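First comes the structure, then the notes that go with it.
Letters A, B, ... mirror the listed sequences (proteins, then strands); counts begin at 1. In this text, all values refer to a predicted model and were calculated from it rather than measured experimentally.
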Protein chains: 2
Amino acid sequence: MLTKTGLHAIRAMTLLGRLAEGEYVGTPVIAKSIGAPPNYLGKLLQALARAGLVTSQKGAGGGFRLARPAESIRLLDIVEPIEHVSRWTNRGTDWSQCPEADPLFMNDRWNRIRDDYVHMLQSTSVADLITEGEPVPAAANSSERYTMP
Amino acid sequence: MLTKTGLHAIRAMTLLGRLAEGEYVGTPVIAKSIGAPPNYLGKLLQALARAGLVTSQKGAGGGFRLARPAESIRLLDIVEPIEHVSRWTNRGTDWSQCPEADPLFMNDRWNRIRDDYVHMLQSTSVADLITEGEPVPAAANSSERYTMP
DNA sequence: ATAAAAACAGACATCAACATGTGATTAGTG
DNA sequence: CACTAATCACATGTTGATGTCTGTTTTTAT
């Protein structure tokens, strides 16, 4: 569903979201904290910087921080430049060209699933992921299914 | 969402579902019909045969056909041996190990999406995809969004 | 001010998995 | 027996996911 790179990006952004105003944190620290390969994370953060999601400061005491307030950064913003989710919406395998499977039927089902997915990415901001230790109302099944994207 | 191989598989299976009892159709015909690379399709069909979804007949007039009635073959059956969807459910990146993002929050959202997706694959059978030209009630937006998985 | 250290930035390099193509081989059907 | 079609083995291109090394700034301490 989500690639590893996408997860790294989300995790890194969430961490950056907890920083105080004007504070920076370096790649090695982020990498260790979220359990991502430092080298790879470097490239990823650069990409996020190019995408305008984070800004960087060189030199000692420098590093990365969010370019905009955490509330205004949606998960889709992060994932899009990495995974090109929009391709699912814009173009792709056109079922209607395939007389074997009923196009409308399939499109209808797929569309609902995909739309839900994209909508989730759109409606969730980085700030939403930072619940800052607030005890979340326990989901009944939390022990059975910690799975993954 | 779905890999190309998975799509090829679903399309091929749907085509096979339209065959008459005891009829076989060969790889080249299937490939041409669904627009898939013949060579690759060959391998794929073998895999599906190993998975017990299709049976093959060698020699002239041979080919592939469904091993079970189309009603009893769910999309998940087809996709699973190819894409290992079950991995999403069984194991994977455990958000609870990552204190940066609230685990329950994420799990909850992801779980819902993933469950919906898997459920769709489970509740749709090959037979469902064969509407045999029956005019499907036109979805209002069918012209705007023929997209894809 | 100048040197040293701490970071970002970017160019290669590798490994696995997906997606395909080619050719030889073998097994049935007609 | 000849033809056809599955089966199998090997080869290639691409993309995702990483690692390594080499700059090149910029800050900080002397």
Side-chain angles (χ1 to χ4, degrees), chain A residues 1-12 16 19 22-67 79-85 87 92-93 149, chain B residues 1-12 16 19 22-51 53-65 67 79-85 87 92-93 149:
Chain A
M1 212 88 158
L2 257 195
T3 184
K4 270 185 186 178
T5 307
L7 285 176
H8 288 332
I10 292 180
R11 294 219 178 89
L16 292 180
L19 294 180
E23 193 180 351
Y24 290 91
V25 61
T27 305
V29 176
I30 304 178
K32 186 158 202 176
S33 176
I34 69 177
N39 324 302
Y40 193 49
L41 227 213
K43 270 184 59 174
L44 220 187
L45 286 169
Q46 288 175 223
L48 292 175
R50 269 191 297 274
L53 295 176
V54 301
T55 55
S56 61
Q57 190 73 321
K58 292 183 180 179
F64 293 90
R65 76 150 206 256
L66 294 188
V79 164
E80 170 52 33
I82 311 289
E83 321 217 3
H84 314 291
V85 180
R87 278 191 301 192
T93 314
Chain B
M1 212 86 160
L2 258 194
T3 183
K4 270 185 185 175
T5 306
L7 285 176
H8 288 331
I10 292 180
R11 294 219 178 89
L16 292 180
L19 293 181
E23 194 180 350
Y24 289 91
V25 62
T27 306
V29 177
I30 304 179
K32 187 159 202 173
S33 176
I34 69 176
N39 323 301
Y40 192 51
L41 226 214
K43 270 183 60 172
L44 219 188
L45 286 170
Q46 289 175 223
L48 292 176
R50 268 192 298 274
L53 295 176
V54 302
T55 56
S56 60
Q57 190 73 319
K58 293 184 179 180
F64 293 90
R65 75 151 207 258
V79 165
E80 170 52 31
I82 312 289
E83 322 216 3
H84 314 291
V85 180
R87 278 192 300 193
T93 314

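For the pair A:Lys4 NZ and C:dA17 P, the interatomic distance rounds to 11 Å; values are reported in whole Å. B:Tyr40 places its OH atom 16 Å from the C1' atom of D:dC10, with the value rounded to the nearest Å. The distance from atom CG of B:Leu2 to atom C1' of C:dC18 is 14 Å, rounded to the nearest whole Å. Between A:Leu44 atom CG and D:dG19 atom P there is a gap of 12 Å when expressed in whole angstrom units. At whole-Å resolution of the value, NZ in B:Lys32 and P in D:dA5 are 14 Å apart.
Both B:His8 and A:Leu45 lie close to DNA chain C; mapped to their nearest nucleotides by heavy-atom distance, the more 5′-ward contact belongs to A:Leu45. With the nearest nucleotide of DNA chain D identified for both A:Gly6 and B:Gly62, B:Gly62 has the one nearer the 5' end. Mapped onto DNA chain D by nearest heavy atom, A:Thr5 and A:Ala60 fall at different nucleotides, with A:Thr5 at the one closer to the 5' end.
No donor-acceptor contact under 3.5 angstrom links the side chains of B:Thr55 and B:Tyr24, judged on distance only.
A:Tyr24 comes within 4.0 angstrom of no nucleic acid atom, judged by non-hydrogen atoms across all strands.
The side chain of B:Asn39 has C:dT22 as its nearest neighbour among C:dT22, D:dT20, C:dA9. If you check D:dT27, D:dA6, C:dA9 against the side chain of A:Gln57, the one that comes closest is D:dT27. Picking from D:dT27, D:dT20, D:dT7 the nucleotide with the shortest atom distance to the side chain of B:Gln46 gives D:dT7.
Looking at every heavy atom in both residues, A:Leu45 comes nearest to A:Ile30 through CD1-CD1, 3.9 Å.
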